[in-house]
Visitor: 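My structure is below; once you've seen it, I'll send some questions.
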Amino acid sequence: MEQRLANTWRMSVNEKKFIETSLLSDLRIDGRRPFDYRNLTIKFGKDEGSAEVQLGQTHVMAFVTAQLIQPYRDRPNDGSLSIFTEFSPMADPSFEPGRPGESAVELGRVIDRGLRESRAVDTESLCVLSGKLAWAIRVDLHILDNGGNLIDAANIAALAALLTFRRPECSVGGEDGQEVIVHPPEEREPLHLIIHHLPIAVTFAFFSFESRVVIDPTHHEEAIMGGRMTATLNANGDVCAIQKAGGEGVLQSVIMQCLRIASVKAGAMTEKIKKAVDSYNTERALRKIKRHTSSDPMDVDRGASNTGVTQNSSVDHMERLKPVSEEGIANQSEDVEGETQLSGKRQTNKVNDTKIFIGGPSSW
């Protein structure tokens, strides 16, 4: 780690001594305890399958995409999952554009080992046609700011993006049954990925003086640490992967203690990720609800026409009753003729009423 920072800046002796003295007192330069994480913030973009994670000063963004490809010959019924990393020079002056460096390759391998080899994502559900077509899931990790502990932040970003990603639904048809139809989101609802568990990466930093161990090292702590270990576990305490880097030797008892701490941290981190994803899914469902306005102009016009028809009917009824009261029983024959004419008027009104409803909108 010191070699990576050699061409950017050199930490003075006083700075190293200050960090070491703080760690001997079970304190850190940012005020945390040795086994405390920094503040975690998870945000989601407008596009499904995009997540932005900020762990202290570390800033990572993840994007998930899918493509139909021919599956591997040794796994004709499985899709694929691949991890790609991009280190932006804006994140750290030591990151150079172009071909991925050693740090980028190591970061991608550690996250890939925890996700793919632990079979967290069900790749069999990605198969469309056995041996011919399957979905290839690609996770792109972009490092925006290097504040230390890139592995944990990138792992959380990858999991959050995978949980919110939706792939298009496919159907197989045609005369020979080998034609694949990819349905757009407007026609059929996209499908979530099947994720069995969430492998959480927890990184520990080891220091040579008095065998000090801290969790979630910062940029400055990484510059003076003697070794590092990343343990990937799920909420059930199952160890998915372990990666040890650096020349500092670690006792077996220390490793077991780190695994116990990592199991607790993995459970807490899983709850935070699920809570953020549930909040995102709730907001997405509310955005999809179609709100109908109560003041529909077609309904108002139709209501006014109906009211007019009712008023005309009542007037005709009053006109029919008026001559009966004035003329008496002697003019009942004229009254019958009036009733005949009024019934004709009511039938005309009913016809007009029917004509109003015919051809109206189907979404009354």
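Only this structure's heavy atoms are used, side chains among them; waters, hydrogens and symmetry mates stay out. As the structure is a computational prediction, the values presented were derived from the model and not from experiment.
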Visitor: Where the side chain of Thr232 meets the backbone of Ala201, is there a donor-acceptor pair that is under 3.5 Å apart?
Guide: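 No, the answer is negative, given that no donor and acceptor are paired below the 3.5 Å cut-off.
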
Visitor: Quick one: CG on Leu144 to CD on Gln54, what's the gap to the nearest 0.5 Å?
Guide: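 Nearest 0.5 Å value for the CG-CD distance: 9.5 Å.
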
Visitor: Rounded to the nearest 0.5 Å, what's the gap from CG on Leu150 to NE2 on His219? Could you check?
Guide: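 Going from CG on Leu150 over to NE2 on His219, the span is 9.5 Å.
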
Visitor: With heavy-atom distances below 4.5 Å as the criterion, would you say the side chains of Ile156 and Lys272 are in contact?
Guide: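 No. Closest side-chain heavy atoms not under 4.5 Å.
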
Visitor: Using the six-membered ring wherever Trp is involved, compare the ring planes of His142 and Phe63 and label them parallel, tilted or perpendicular (cut-offs 30° and 60°).
Guide: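 Rings of His142 and Phe63: perpendicular, over 60°.
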
Visitor: Which distance, rounded to the nearest 0.5 Å, do you find between the OG of Ser118 and the CG of Asn234?
Guide: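 So the OG of Ser118 and the CG of Asn234 are separated by 8.0 Å.
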
Visitor: Do Glu187 and Glu169 have side-chain heavy atoms sitting under 4.5 Å apart?
Guide: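 The answer is no, as the side chains (C-beta and beyond) never meet within the 4.5 Å cut-off.
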
Visitor: How about CZ on Arg119, more than 12 heavy atoms from neighbouring residues, nucleotides or ligands closer than 6.0 Å, or not?
Guide: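 Check fails, neighbour count at 12 or below.
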
Visitor: Any idea which heavy atoms bring Val172 and Val128 closest together, and the distance?
Guide: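 Here Val172 and Val128 meet closest at CG2-O, 4.2 Å.
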
Visitor: Could you state the interatomic distance from CD1 (Ile261) to CZ (Phe204), rounded to the nearest 0.5 Å?
Guide: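 Rounded to the nearest 0.5 Å, the CD1-CZ separation comes to 5.5 Å.
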
Visitor: Which heavy atom of Phe44 sits nearest to which heavy atom of Ala276, and what is that distance?
Guide: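 Scanning both residues, the minimum pair turns out to be CE1-O, 3.5 Å.
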
Visitor: When rounded to the nearest 0.5 angstrom, what is the spacing between CD1 in Ile215 and OG1 in Thr203?
Guide: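 One gets 8.0 Å once the value is rounded to the nearest 0.5 Å.
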
Visitor: Would Gln257 and Val213 count as a side chain to side chain contact (heavy atoms under 4.5 Å, CB included) here? Give the steps.
Guide: CA-CA 10 Å; Gln257 180 185 4; Val213 182; over 6 Å; no

Visitor: So, does Ser263 use its side chain to make a donor-acceptor pair with the main chain of Leu259 at under 3.5 Å?
Guide: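 No; judged by distance alone, with no hydrogens or angles, the pair does not exist.
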
Visitor: Is the closest basic N to carboxylate O distance between Glu189 and Arg166 below 4.0 Å?
Guide: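 The answer is yes: the pair qualifies as a salt bridge.
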
Visitor: Return the minimal non-hydrogen interatomic distance between Leu198 and Ile273, and the atom names on each side.
Guide: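 So the minimum-distance heavy-atom pair works out to CD1-CG2, 4.4 Å.
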
Visitor: Can you check whether Lys275's main-chain N or O pairs, donor with acceptor, with Ser279's side chain at less than 3.5 Å?
Guide: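 It does not hold such a pair.
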
Visitor: Minimum heavy-atom separation for Cys170 and Val180, please, with both atom names.
Guide: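 For Cys170 and Val180, the tightest heavy-atom pair comes out as CB-CG1, 4.2 Å.
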
Visitor: Mark yes or no for whether Glu221, through its side chain, and Thr218, through its backbone, hold a donor-acceptor pair below 3.5 Å.
Guide: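 Present.
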
Visitor: Can you tell if the side chain of Asp78 reaches within under 4.5 Å of the side chain of Tyr72, non-hydrogen atoms only?
Guide: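 No - every pair of side-chain heavy atoms lies 4.5 Å or more apart.
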
Visitor: Rounded to the nearest 0.5 Å, what's the gap from CD on Gln67 to CD1 on Ile137? Could you check?
Guide: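 Here the rounded value is 10.5 Å.
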
Visitor: Less than 4.0 Å between a side-chain N and a carboxylate O, is that true for Asp216 and Lys265?
Guide: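 So Lys265 does not pair with Asp216 through a salt bridge.
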
Visitor: Can you name the closest pair of heavy atoms from Asp36 and Arg28 and give their distance?
Guide: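 Of all heavy-atom pairs spanning Asp36 and Arg28, the closest is O-NH1, 3.6 Å.
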
Visitor: Heavy atoms, side chains only, cut-off 4.5 Å: are Ile143 and Thr85 in contact?
Guide: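 SC-SC contact between Ile143 and Thr85 ruled out.
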
Visitor: Phe165 vs Glu48, test: side chain to side chain contact (heavy atoms under 4.5 Å, CB included). Steps then yes/no.
Guide: CA-CA 5 Å; Phe165 176 72; Glu48 296 177 348; 5.5 Å; no

Visitor: Has Asp26 got a side-chain atom pairing as donor or acceptor with Pro34's backbone, closer than 3.5 angstrom?
Guide: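 No, Asp26 side chain to Pro34 backbone: no donor-acceptor pair under 3.5 Å.
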
Visitor: Determine the minimum heavy-atom distance between Arg188 and Ser171, stating which atoms define it.
Guide: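 Shortest heavy-atom contact: NH1-CB, 4.1 Å.
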
Visitor: Donor-acceptor check, side chain of Gln57 to backbone of Gly148, threshold 3.5 angstrom: yes or no?
Guide: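 Pair absent, no side-chain N/O of Gln57 close to backbone of Gly148.
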
